[in-house]
S.K.: 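Can you read through this structure? Questions will come right after.
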Amino acid sequence: MSEDFKNEVVIQLPNISIIPFQNINKAYIKVISINFFLISLTSFIGLFLLQYYLLSEDILQYIIQLYLGLGTLCILLYGYFLLAFPNRKYAIRNKDISYKYGLLVFKTTTVPFSRIQHVEIDERPISRFFNLAAIRIYTAGDDSDDLVIKGIQKQKALEIKEFISTTINE
Amino acid sequence: MNKGFSFSEFSKQSPKGLLIIYLAEIYKVLKLFWIFLFILFKDFSKFTSYGIIYIYLGVFVLLSFLFIRSYLIYLNFQFKVFNDHFILKKGILKKTNIEIPFQRIQNINFKQNIVQQLIGVFEVNIETAGSNDTEIAIKALSLEKATALKKIVSTAKFTDLNLKKEKELEPILTISPFALLKVSLTENHLQNLMLFLAVLFGFFNQIQQVSESLGQSEVLGGLITDSTSNLSTNLVLLFIVLVLLTLIALLSSFVKVFLLHFNLTTYLKKDAFEINQGLFTKKTIVLKKEKIQTITFSTNPLKRAIGISFVTFKQAVSGKAKKKKKERPIRLVGCKQEQLEVIKNTVYSNLDVLEKQKVYPNSYYAKRLFIYAGLFLLVVYSLLYFIFNHIEIAYSLVLVLPITILLILKKIKKRFYKISDSMIVVGKGVLETHLIFLNLFKVQHIQLKQSIFQKKSKVATIILQTASGKINLPCISYLEAIQLYNHTLYKVETSKKSWM
């Protein structure tokens, strides 16, 4: 019996693994870099302040290792972000929107338009500088797992939002 | 039925409601400040008679303030029915006007806590589908008024609803106190014990924090060190503690089951279940079929031996209620096989999914579980070794290792899914056995997850997100995962039925 089901699926259904996915805007890598730079800078300043005001002698003898550790952590994380960046892709079909990302763990999420509660577009300061926006899609499912696509050109994001809104209201 | 309650004029709650509001207000204050009361009583003797007068005065002022506040709340809480809308005015200083069209009212539920039972009034909860004012609670109405209100709303909504006929319905499930005793004896005692200890620990922690901040930590601290030093030296005491814990576990299961499920009766109506249960707080819940997202049928070895299971219904939680509190799922205990069949057959029209083949996870799942468990044990034992510095600790592995392996094997054996055209059934559990039923079109969104290790073994994890939580299908073969993904999307996108 389960054979029937399998055949039916392979022949008829649109297949998620072969639809063309689009890359997000290349400029978003700059946003990631700037954000990352700011965060690393603050953590280094934090460590610096700790060194002068708070840390005791026992810890201070390892201060070089601490700086090196923080530095390696930042470089590794930045490398991870850079390598993972080309994997951030999205696709819009007639009836749903999909997003995939990840480097060590690949994730593909699809939200059917008929289950969308509302769509939001937000622009963070740095993204706005590059004319980029993020689309947030909310469903009745768990909030934390809803779909967020960052780094889409603002004009395009608005178009997508418009498209989804008109499809929902049909 | 019709005693002339048309609700066309604004009406207040039953005058007895004043008492309910007053008690609720006092309870609210007590909940905020109970810890101070605790300290106050502890050191009561230390106060001079002069100070005590002030305390009495303070309590008196507080009580009268609360009474005036309750009275104003009571006066300002007014409701009426107008033009197929339920209209509610409330608020002392901040006036609120709420209008709900009847179509948006999903359920009217009655509830009675112990005080409400004593003075003979009902709390009426109006559940609405949608956004902000999710629930309206009228704290105290007489039975006639409450049923009249329910009738007005429901007859306006479903004209074909025959209230008289419902009265003669036979319940599909009734639980006698004796059956409930059997249910409570076969509960998951370990879980209930943990729950009890967690509550106790939280309580204790709160007391300790406050007394510490007041510089009295030595009282409770001394108590703890006393008992721990005794405990480590005296094996007899350890034994007594174990017996006590077992007793507490049994007792907490017993209390929990009787509090929540006393007098459980379930009626089957045209498109809903009506469930009545509770000892001190009697609850009537109307559970609409289309609002049900998932149904879980669960049992454990003890319960299976006497042939009972429990059923958990999960409903969609709407709007802000989702963020405020996690709604407790609706649970029916002590169901026999035939009642399970009735429930399955009423909610799901097509049950051919049950005849489908079970699909088990790939062997990767077993490998992953064993590796995780192994790593976990390694970390725990290295930590223990560093702390106690006795290699003898490793001897306990003789006991721990077989138990772990047995549990993992159980977990693997119970993991499967069955899929038909419209439904999916997921089996899981370790000691307990759960069977989750889900209509595929109720899925909100779907995710496919694959780590690089999973990719090498050609397996993937599917996460089905519903309006009442997610369902995982770990480590199924990649091809099956893709098919399931496509099929589910197809079902959701072509479905015309509303998911709630």
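Letters A, B, ... mirror the listed sequences (proteins, then strands); counts begin at 1.
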S.K.: Would you give the length of the straight line joining atom CD1 of Ile116(A) to atom CD of Gln444(B), rounded to the nearest 0.5 angstrom?
M.R.: 10.5 Å
S.K.: Heavy atoms, side chains only, cut-off 4.5 Å: are Phe441(B) and Arg115(A) in contact?
M.R.: yes
S.K.: With heavy-atom distances below 4.5 Å as the criterion, would you say the side chains of Lys107(A) and Gln447(B) are in contact?
M.R.: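 Yes - at least one pair of side-chain heavy atoms lies under 4.5 Å apart.
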S.K.: Measuring heavy-atom distances to chain A, does Val443(B) have an atom under 4.5 Å in its side chain, in its backbone, in both, or in neither?
M.R.: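 Backbone only.
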S.K.: Tell me, yes or no, whether the heavy-atom count around Lys411(B) atom NZ, taken from other residues, nucleotides or ligands under 6.0 Å, exceeds 12.
M.R.: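 No, NZ of Lys411(B) has 12 or fewer neighbouring heavy atoms, counting only those of other groups under 6.0 Å.
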S.K.: If you draw a 6.0 Å radius around CZ in Phe37(A), do more than 12 non-hydrogen atoms from other residues or ligands fall strictly inside?
M.R.: no
S.K.: Just verifying a value: how many Å separate Lys100(A) NZ and Leu448(B) CG, rounded to the nearest 0.5 Å?
M.R.: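 If I round to the nearest 0.5 Å, the distance is 10.0 Å.
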S.K.: For the residue pair Lys455(B) and Phe106(A), would you count it as a cation-pi contact if the rule is NZ or CZ under 6.0 angstrom from the ring centre and within 45 degrees of the ring axis?
M.R.: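 Yes, a cation-pi geometry.
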S.K.: Any chance you could measure Ile97(A), atom CD1, to His445(B), atom NE2, to the nearest 0.5 Å?
M.R.: 12.5 Å
S.K.: Go through Ile137(A), Leu104(A), Val111(A), Asn94(A) and name the one with the most non-hydrogen pairs under 4.5 angstrom from chain B.
M.R.: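 Most heavy-atom pairs under 4.5 Å with chain B: Leu104(A).
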S.K.: Does a sphere of radius 6.0 Å around OH in Tyr67(A) hold more than 12 heavy atoms from other residues, nucleotides or ligands, not counting ones at 6.0 Å or beyond?
M.R.: yes
S.K.: Filter on salt bridge (charged side-chain N to carboxylate O under 4.0 Å, His left out), then keep only pairs touching residues 149-167 of chain A, sequence neighbours left out; what's left?
M.R.: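 Pairs touching residues 149-167 of chain A that pass the test: Glu123(A)-Lys154(A).
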S.K.: Report yes if the side chains of Val105(A) and Gln450(B) come closer than 4.5 Å at any heavy-atom pair, otherwise no.
M.R.: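 No, side chains not in contact.
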S.K.: Evaluate whether atom CD1 of Ile64(A) has more than 12 neighbouring non-hydrogen atoms of other residues, nucleotides or ligands under 6.0 angstrom away.
M.R.: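 Open: at most 12 neighbouring heavy atoms sit under 6.0 Å from CD1 of Ile64(A).
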S.K.: Using a 6.0 Å cut-off, check whether atom CZ of Phe44(A) has over 12 heavy atoms from anything other than its own residue.
M.R.: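 Buried by this count: over 12 neighbours within 6.0 Å.
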S.K.: Determine which pairs satisfy salt bridge (charged side-chain N to carboxylate O under 4.0 Å, His left out) with at least one residue from residues 484-500 of chain B, sequence neighbours left out, and list them in order.
M.R.: Asp421(B)-Lys491(B)
S.K.: Atom CD1 of Ile482(B) and atom OG1 of Thr108(A): how far apart are they, to the nearest 0.5 Å?
M.R.: 7.5 Å
S.K.: Please flag which part of Ile446(B) lies under 4.5 Å from any non-hydrogen atom of chain A: side chain, backbone, both or neither.
M.R.: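 Contact with chain A is through both the backbone and side chain of Ile446(B).
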S.K.: Are there more than 12 heavy atoms of other residues, nucleotides or ligands under 6.0 Å from atom NZ of Lys30(A)?
M.R.: no
S.K.: Under 4.5 Å from any heavy atom of chain A, what part of Ser495(B) do you find: side chain, backbone, both or neither?
M.R.: side chain
S.K.: What is the minimum heavy-atom distance between Pro112(A) and Val492(B), and which atoms define it?
M.R.: CG-CG1, 3.5 Å
S.K.: Which answer fits Leu103(A), side chain, backbone, both or neither, if we ask what part of it has an atom under 4.5 Å from a heavy atom of chain B?
M.R.: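 When you check distances to chain B, only backbone atoms of Leu103(A) fall under 4.5 Å.
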S.K.: May I ask you to name which of Leu479(B), Thr466(B), Val359(B) has the most heavy-atom pairs under 4.5 Å with chain A?
M.R.: Thr466(B)
